[in-house]
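Presented below is the structure to which this report refers.
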Amino acid sequence: MPLTASPPRSPKADAPETNRHATATLAAAVLGFFVITLDATIVNVALPSIRDALGGGITGLQWVVDAYTLMFAALLLSAGALSDRIGARRAFAGGLSLFIIASVACGLAPTLPVLIAARVVQGIGAAVTMPTSMALVRQAFPDPGRRARAVGAWAMGGAVAAAAGPVLGGVLSLVSWRMIFWINLPVGILTLLLLSRTRPSPTRPAPFDWIGQITVILAMGGLTFGAIEAGDAGFSAPQVLAALALAVVALVAFVAAQAKVAHPMVPLTLFTSPTVVVATGIGFAFMVGFYGLPFLLSLYFQQQHGLSALGAGIAFLPMMLLSALLTPFSARIAERTGPRAPVTAGLVLIAAGSIALGLVPASVPVWASALLLIPVGMAGPLVMPPTTALLLDHVPAEQTGTASGVFNTSRQIGGALAVAVFGALISGTSGFQHGLRISLALASAIALLAALATRSLGATRGGEL
């Protein structure tokens, strides 16, 4: 019998398989984003329980939060470059596996230093997972329209985690604060199972930029250490000044290295795009409010109003639930109005909520403060999905991981500095309430500056510049 060649498969025949891979990819990316966001928001309400069990003052609690956020920020740039070099799928699997192992170690930590060390490793895993999850979405959805909707679903994972984190943290803390870390295990395993059903990602082999990585870690570490230690020792203390000087020198060295090395971690040409620059600033400003305020108010509700961890979590519920409910509509809003209108509105809402919280007297009931947090919650779906989709639309496909790393680094620096600076202000000699008001004023000012910068995004419909 003569051999005959099989007829080529038509694009329509391949479409169902392609859609299945895209669906599995999106589900894995959403769950990965969910679990690393959950770990950031679930910890805040458990901080007093951790202090009761392991000791440590405000500085120790800041390091529980910022050990994770610092490594997250410091390694995001390398993680984005790693994603482009070895493939987003492989990098995502490695980062999430490390995150799961570190989460188990956090739950078993016998002392505060061990917990902080495990949080450092968690941050490393999260740093690899975040930009690779965005790169997976970019690769699975090449069409801009479908990609915008996929980014909305991806953002939904973070919004649901942000909504569930405070309440779930309060509930689990009733059993044990250790449970807030162990919950990552089943979610992480499910995510890896979904990832096994996705297609391999393209790679772009290139030497790794070790000079860039070392200098960026020194810059991030010096900046965060200096801000946290300033709360105890003051901004004029020698160790604080030395840390901040190290941050400046390391940052200058990083920029110089990126301009000279053959394969930079962050090609400086990336910043010739105004969209990338503005999106980076928006990410920073957004996280100062959306991440810094829950840190402040968690301590405020528990220390100043005597609420339990569960009570503090419930106080955040209106803010977080509204954020989660609005997220599915963010892509439609941006399609109708263009990205600038919702992003600007969201940043203004953060500023308004911060100002309102700073003006109310300390005697105001908890429910009133919870209602004033709602504008901050509304900002999440208005700001992040349109900004993320806009960024992905304006970078080459082969630089998606790097651009995602830059964008998310700016976000994590905003969150880390918010916790460090706000923690220093509320623990200062002027008292908690004075530090709270100054912190809220700073969050408002930064959000308003970012809102002004959105004018360069353009006002056309459909997200086109």
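Keep in mind the model is a prediction, meaning the values are calculated, not measured.
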Non-hydrogen side-chain atoms of [X] and [Y] separated by less than 4.5 Å:
X	Y	value
L47	V65	yes
L373	L357	yes
F422	L417	no
I116	V64	yes
V114	L54	no
F407	T387	yes
L425	L442	yes
L307	V366	yes

Test your reading of the model: is there a side-chain donor-acceptor pair from [X] to the backbone of [Y], 3.5 Å cut-off?
X	Y	answer
T344	A341	no
R411	I282	no
R336	I333	no
T191	V187	yes

Check: Under the side-chain hydrogen bond (donor to acceptor under 3.5 Å, both in side chains) test, which residues partner W177, sequence neighbours left out?
Finding: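 Counting only residues at least two positions away or on another chain, W177 forms no side-chain hydrogen bond (donor to acceptor under 3.5 Å, both in side chains).
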Notebook entry, point to check: Sequence neighbours excluded, which residues qualify as side-chain hydrogen bond (donor to acceptor under 3.5 Å, both in side chains) partners of H305?
Noted result: Y300
Check: Checking side chain to side chain contact (heavy atoms under 4.5 Å, CB included) for the pair I350/L293: CA distance, chi angles, key distance, verdict?
Finding: CA-CA 10 Å; I350 290 178; L293 265 62; 5.7 Å; no
What distance separates [X] [atom1] from [Y] [atom2], expressed to the nearest 0.5 Å?
X	Y	atom1	atom2	result
I100	T129	CD1	OG1	8.5 Å
L359	L372	CG	CG	9.5 Å
L349	I374	CG	CD1	11.5 Å
L299	I426	CG	CD1	5.0 Å
L296	S354	CG	OG	9.5 Å
F34	L190	CZ	CG	10.5 Å

Residue pair [X] / [Y]: nearest heavy atoms and the distance that separates them:
X	Y	answer
V376	M319	CG1-CE, 3.8 Å
L194	A24	O-CB, 4.1 Å
F316	S298	CE1-OG, 3.3 Å
V348	A451	CG2-CB, 4.2 Å
G377	P381	O-CD, 3.4 Å
A315	A370	O-CB, 3.2 Å

Margin query: Go through it in stages, so that I can follow the logic: the residues are L391 and V276, the test is side chain to side chain contact (heavy atoms under 4.5 Å, CB included), and I'd like the CA-CA distance, side-chain angles, deciding distance and then a yes or no.
Written below: CA-CA 6 Å; L391 178 75; V276 173; 3.9 Å; yes
Item checked: Test side chain to side chain contact (heavy atoms under 4.5 Å, CB included) applied to I183 and L38, step by step -> CA-CA 10 Å; I183 196 174; L38 181 70; 4.3 Å; yes
Next item on the list: Take I124 and F99, measure what side chain to side chain contact (heavy atoms under 4.5 Å, CB included) needs, and give me the verdict at the end.
Entry: CA-CA 7 Å; I124 296 172; F99 177 84; over 6 Å; no
Next item on the list: Would you sort out whether S103 and W182 count as a side-chain hydrogen bond (donor to acceptor under 3.5 Å, both in side chains), showing the intermediate values?
Entry: CA-CA 6 Å; S103 296; W182 288 338; over 6 Å; no
Next item on the list: Tell me, please, which residues at least two apart from R119 pass salt bridge (charged side-chain N to carboxylate O under 4.0 Å, His left out).
Entry: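 Per chain and number, R119 pairs via salt bridge (charged side-chain N to carboxylate O under 4.0 Å, His left out) with D39.
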